[in-house]
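Structure first, commentary second.
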Amino acid sequence: MSNTSNVLQQITGIVGKKGVIADPADMAPYLADARHYEDSTCDLVVRPATTDQVAAVVKLCAAEGVAITPRGGGTGLVGGSVTHEGIVLSLDRMNSIRQVDALNHTLTVDAGCILADIQETADEAGCLFPLSLGAEGSCQIGGNLSTNAGGVGVLRYGNVRDLVLGLEVVLPDGRIWDGMNALRKNNTGYDLKQLFVGAEGTLGIITGAVLKLFPKPQAKVTTLTAVDSADAVLQLFDKVRASLGDRLTAFELIPRLAMELCTAHIPGAVDPFDAPHSHYALIEVTSPRAGDDLRGELEEVLATAFEAELVSDAVFAESEAQTLDLWRLRETIPEAQSKEGASIKHDVSVPVSKSIEFITEANKRIEATLPGTRVCSFGHIGDGNIHYNLTQPKEIAPDAFMAKSGEFHRIVHDLVVELGGSISAEHGIGTFKRTELAHYSPEIDIELMRRIKLALDPHRIMNPGKIFDL
Ligand SMILES: Cc1cc2nc3c(=O)[nH]c(=O)nc-3n(C[C@H](O)[C@H](O)[C@H](O)COP(=O)(O)OP(=O)(O)OC[C@H]3O[C@@H](n4cnc5c(N)ncnc54)[C@H](O)[C@@H]3O)c2cc1C
């Protein structure tokens, strides 16, 4: 940082002593994300308490040419909040619910609100905020918006991009852009808020948001179905969706390897079936009508799927505790995988109709490259979003396996692109996927993004080095 002590003093003057962390040991929790923690450093962690304080800090940094890395809950998976310069600006003190408008079905929040707290507030108002993901107890809505988070309800409700009506953003020059409208219809030129959604903090700092609420489900059924071929998973998905329509809220794929890893490594995780099966589909259906016989309808679909030999077995959750147990088998897959050894991860999407083709062909190419590599392809298959993760062969050293990361990324991403898919479905680009984005994106895409970046942030201070090189 240029003029370090002078700038530090001025920032402290803006946010107060409580709003600054300068001790390296205390700064450490603000430097890593969920997967990347090596080498991240900064000169100062700044924790403003208001939008005006954020604006004043950014204005000062713009004048001094100080880089700013915005930070939410630090649960990102692509190194988006990892930094080597300037200040980290954490939103963790900005966590107030500003307004609940149940009639308008909107919730207005500070960007530092924890996702689980937002869900709870919506619930208390008799509504639903449907964004739901494994890190919801610690990620912040500002981080969710900045990564355009997906999660398990996308099938029914869309990504968080679809769940936001208004935003408040501190621009890289320190001005506050007030786009906090709570309107379902607003056709007044460009939809500026969407620029900041998924921008990973490179265009400004989101400080507030108006979120859409939905009717609260009054009925819910969760079932884990056992399926004995990959093709049958998609056919089952089609049947369930055709029959239940948009009451189908989640359709998640769990392969046999994931079941084995979870039951081996996660305390309390239990395979609910007597026999092993090659795949499992975790299905959740919900309805805002208490009287809907979701269970009956789902059983009927599964019975026809059983007759058609698409499904071998199924268990229904009989209580909320059992629902959580079934979801635990899905949510703890990454944790179980990391306990098994080294793993190489891919968060990709292809058209739903090509998802099984993708898995089958990718498996062949991986096996041909390094026989014995254990593939754990799981996730939001109802959205075509597959977490195509590779676990090391047992007989290979972790480092030797990880040394092949680049080669495996290329194999998987080449196939994704061949099938018309995306190399980042829901986690973003950050630093981790920057090279891959540069490799696969049409030049015009990068050029347009660069122009937008430089128009808003000519001094390049906002989360430098993320998404693409300037
Ligand atoms: C166990 C686990 C499960 C997960 N499951 C899912 C899933 O199902 N779906 C999914 O999409 N993701 C998932 N993730 C990834 C992660 O939770 C999401 O990306 C989340 O949205 C990040 O929020 P955060 O507050 O932790 O952001 P951070 O990690 O703090 O930041 C992420 C990026 O956003 C920027 N940023 C943060 N706050 C702001 C702000 N206010 N203004 C501007 N920029 C900002 C940062 O600079 C960084 O580039 C999971 C992660 C974990 C650890």
Side-chain angles (χ1 to χ4, degrees), residues 29-37 40 42 48 51 54 58 67-83 87-95 109-116 118 131-154 158-161 163 167-172 195-209 250 252 327-328 330-338 345 347 349 378-380 383 385 387 424-434 457 462-467:
Y30 290 85
L31 294 172
D33 75 2
R35 273 196 199 140
H36 307 84
Y37 27 81
S40 190
C42 74
T51 300
V54 175
V58 173
I68 301 172
T69 304
R71 182 174 180 90
T75 69
L77 297 170
V78 290
S81 53
V82 167
T83 179
I87 65 165
V88 164
L89 193 144
S90 166
L91 279 291
D92 62 353
R93 289 172 74 207
M94 293 180 57
N95 55 7
V109 297
D110 279 354
C113 284
I114 301 286
L115 175 56
I118 290 175
L131 181 66
S132 174
L133 46 96
E136 62 199 24
S138 45
C139 61
Q140 299 174 6
I141 192 67
N144 301 143
L145 287 159
S146 299
T147 56
N148 186 25
V152 295
V154 173
N159 297 292
V160 74
R161 191 184 286 292
L163 304 177
L167 281 188
E168 176 187 84
V169 179
V170 173
L171 302 174
L195 260 186
F196 301 99
V197 178
E200 302 185 41
T202 60
L203 299 179
I205 299 172
I206 298 174
T207 48
E252 300 282 313
W327 273 105
R328 182 152 15 123
R330 160 63 186 84
E331 300 285 14
T332 55
I333 296 171
E335 183 186 338
Q337 235 196 331
S338 63
K345 300 176 199 276
D347 160 46
S349 66
F378 67 96
H380 319 298
D383 314 318
N385 176 191
H387 297 310
S424 180
E426 60 175 7
H427 295 162
I429 299 297
T431 47
F432 181 61
K433 282 194 167 175
R434 220 172 33 169
D457 183 16
M462 207 50 83
N463 212 4
K466 308 300 166 8
I467 306 182

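All ligand and atom numbering here is 1-based and tracks the order in the structure.
- Residue Cys139 approaches ligand 1 through these ligand atoms, each under 4.0 Å from one of its heavy atoms: 23 (O), 24 (P), 25 (O), 26 (O).
- Of the protein's heavy atoms, Leu77 CD1, 3.8 Å lies nearest to atom 14 (N) of ligand 1.
- Within the listing of ligand 1, atoms 43 (C), 44 (N) sit less than 4.0 angstrom from a heavy atom of Gly201.
- Taking each heavy atom of Ile467 and Gly198 in turn, the nearest pair found is CD1-O, 4.4 Å.
- If you take CG on Asp33 and OG1 on Thr83, they are separated by 12.0 Å, rounding to the nearest 0.5 Å.
- Of the polar atoms of Ala111, none of the N or O atoms is found under 3.5 Å from an N or O of ligand 1, judged by distance alone.
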| said: Determine whether Val170 and Thr51 satisfy the following criterion, side chain to side chain contact (heavy atoms under 4.5 Å, CB included), listing intermediate values before the conclusion. | reply: CA-CA 8 Å; Val170 173; Thr51 300; 4.1 Å; yes

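- Protein heavy atom closest to atom 27 (O) of ligand 1, with residue, atom name and distance, is Gly143 CA, 3.5 Å.
- Between the CG atom in Leu133 and the OG1 atom in Thr75 there is a gap of 7.0 Å [rounded to 0.5 Å].
- In terms of heavy atoms, Ser424 sits closest to Gly428 at OG-O, 2.7 Å.
- The protein non-hydrogen atom at the shortest distance from atom 37 (C) of ligand 1 is Gly72 N, 3.4 Å.
- Put simply, no part of Lys466 is less than 4.0 Å from ligand 1, judged by heavy atoms.
- Distances from atom 41 (N) of ligand 1 to the heavy atoms of Ile206, Thr332, Asn148, Ile333 put Ile206 nearest.
- Closest protein heavy atom to atom 22 (C) of ligand 1: Thr75 OG1, 3.4 Å.
- The distance from ligand 1 to the heavy atoms of Gly76 drops below 4.0 Å at these ligand atoms: 26 (O), 29 (O).
- Between Ile205 and ligand 1, no N or O atom pair is found at a separation short of 3.5 Å.
- Pairing each heavy atom of Phe196 with each of Ile206, the nearest pair is O-CD1, 3.9 Å.
- When non-hydrogen atoms are compared, ligand 1 lies under 4.0 Å from neither the backbone nor the side chain of Glu331.
- Residue contact check for ligand 1: Ser138 places no non-hydrogen atom closer than 4.0 Å to it.
- Regarding atom 24 (P) of ligand 1, its nearest protein heavy-atom neighbour is Gly73 N, 3.4 Å.
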| said: Could you go through His427 and Lys433, starting from their C-alpha distance and side-chain angles, then the distance that decides it, and tell me whether this counts as side chain to side chain contact (heavy atoms under 4.5 Å, CB included)? | reply: CA-CA 10 Å; His427 295 162; Lys433 282 194 167 175; 5.9 Å; no

| field | Candidate pair Met462 and Leu203, rule side chain to side chain contact (heavy atoms under 4.5 Å, CB included), full reasoning | value | CA-CA 6 Å; Met462 207 50 83; Leu203 299 179; over 6 Å; no

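- Of the candidates Gln140, Glu252, Glu426, Met462, the one placing a heavy atom closest to atom 7 (C) of ligand 1 is Glu426.
- Pairing each heavy atom of Leu145 with each of Ala209, the nearest pair is CD1-CB, 3.7 Å.
- Nearest heavy atom pair, residue Ile68 against residue Pro70, reads O-CD, 3.5 Å.
- With values rounded to the nearest 0.5 angstrom, Ile141 atom CD1 is found 11.5 Å from Leu91 atom CG.
- Using a 4.0 angstrom heavy-atom cutoff, Asp33 does not count as in contact with ligand 1.
- Near Pro70, meaning under 4.0 Å from any of its heavy atoms, are these atoms of ligand 1: 43 (C), 44 (N), 45 (C), 46 (C), 47 (O).
- For atom 12 (N) of ligand 1, the closest non-hydrogen atom on the protein side is His427 CD2, 3.7 Å.
- Residue contacts with ligand 1, taken as heavy atom pairs separated by less than 4.0 Å, do not involve Thr207 at all.
- At least one heavy atom of His380 sits closer than 4.0 Å to an atom of ligand 1.
- Using a cut-off of 4.0 Å between Lys/Arg side-chain N and Asp/Glu carboxylate O, Glu200 and Lys466 are scored as not salt-bridged.
- Annotation: the span from Asn159 atom CG to Asp383 atom CG amounts to 7.5 Å, rounded to 0.5 Å.
- Ligand 1 places these atoms under 4.0 Å from at least one heavy atom of Ala135: 2 (C), 3 (C), 17 (O), 51 (C), 52 (C).
- Counting only heavy atoms from C-beta outward, the side chains of Thr202 and Asp457 never approach each other to under 4.5 Å.
- With values rounded to the nearest 0.5 angstrom, Leu89 atom CG is found 11.5 Å from Arg71 atom CZ.
- Polar contact check, Thr147 against ligand 1: a nitrogen or oxygen pair lies under 3.5 Å apart.
- The OG atom of Ser349 sits 6.0 Å away from atom CG of Asn385, with the distance rounded to the nearest 0.5 Å.
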| query | So Arg330 and Phe378, side chain to side chain contact (heavy atoms under 4.5 Å, CB included) or not? Walk me through it. | reply | CA-CA 8 Å; Arg330 160 63 186 84; Phe378 67 96; 3.5 Å; yes

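- When only non-hydrogen protein atoms are considered, atom 6 (C) of ligand 1 lies nearest to Leu133 CB, 3.8 Å.
- For ligand 1, the atoms sitting less than 4.0 Å from at least one non-hydrogen atom of Asn144 are 20 (C), 21 (O), 23 (O), numbered in the order shown with element in parentheses.
- For atom 11 (O) of ligand 1, the nearest protein heavy atom (residue, atom name, distance) is Gly150 N, 2.9 Å.
- Annotation for ligand 1: atoms under 4.0 Å from non-hydrogen atoms of Gly74 are 24 (P), 26 (O), 28 (P), 29 (O), 30 (O).
- For ligand 1, the polar-atom distance check finds an N/O of Gly151 within less than 3.5 Å of one of the ligand's N/O atoms.
- Between Ala34 and ligand 1, not a single N/O pair is under 3.5 Å apart.
- The N/O atoms of Val152, backbone and side chain alike, include none that comes under 3.5 Å of an N/O atom in ligand 1.
- Of all atoms in ligand 1, numbered sequentially from 1 with element shown, those under 4.0 Å from a heavy atom of Ser146 are 34 (O), 35 (C), 36 (N), 39 (C), 40 (C), 42 (N), 43 (C), 44 (N), 45 (C).
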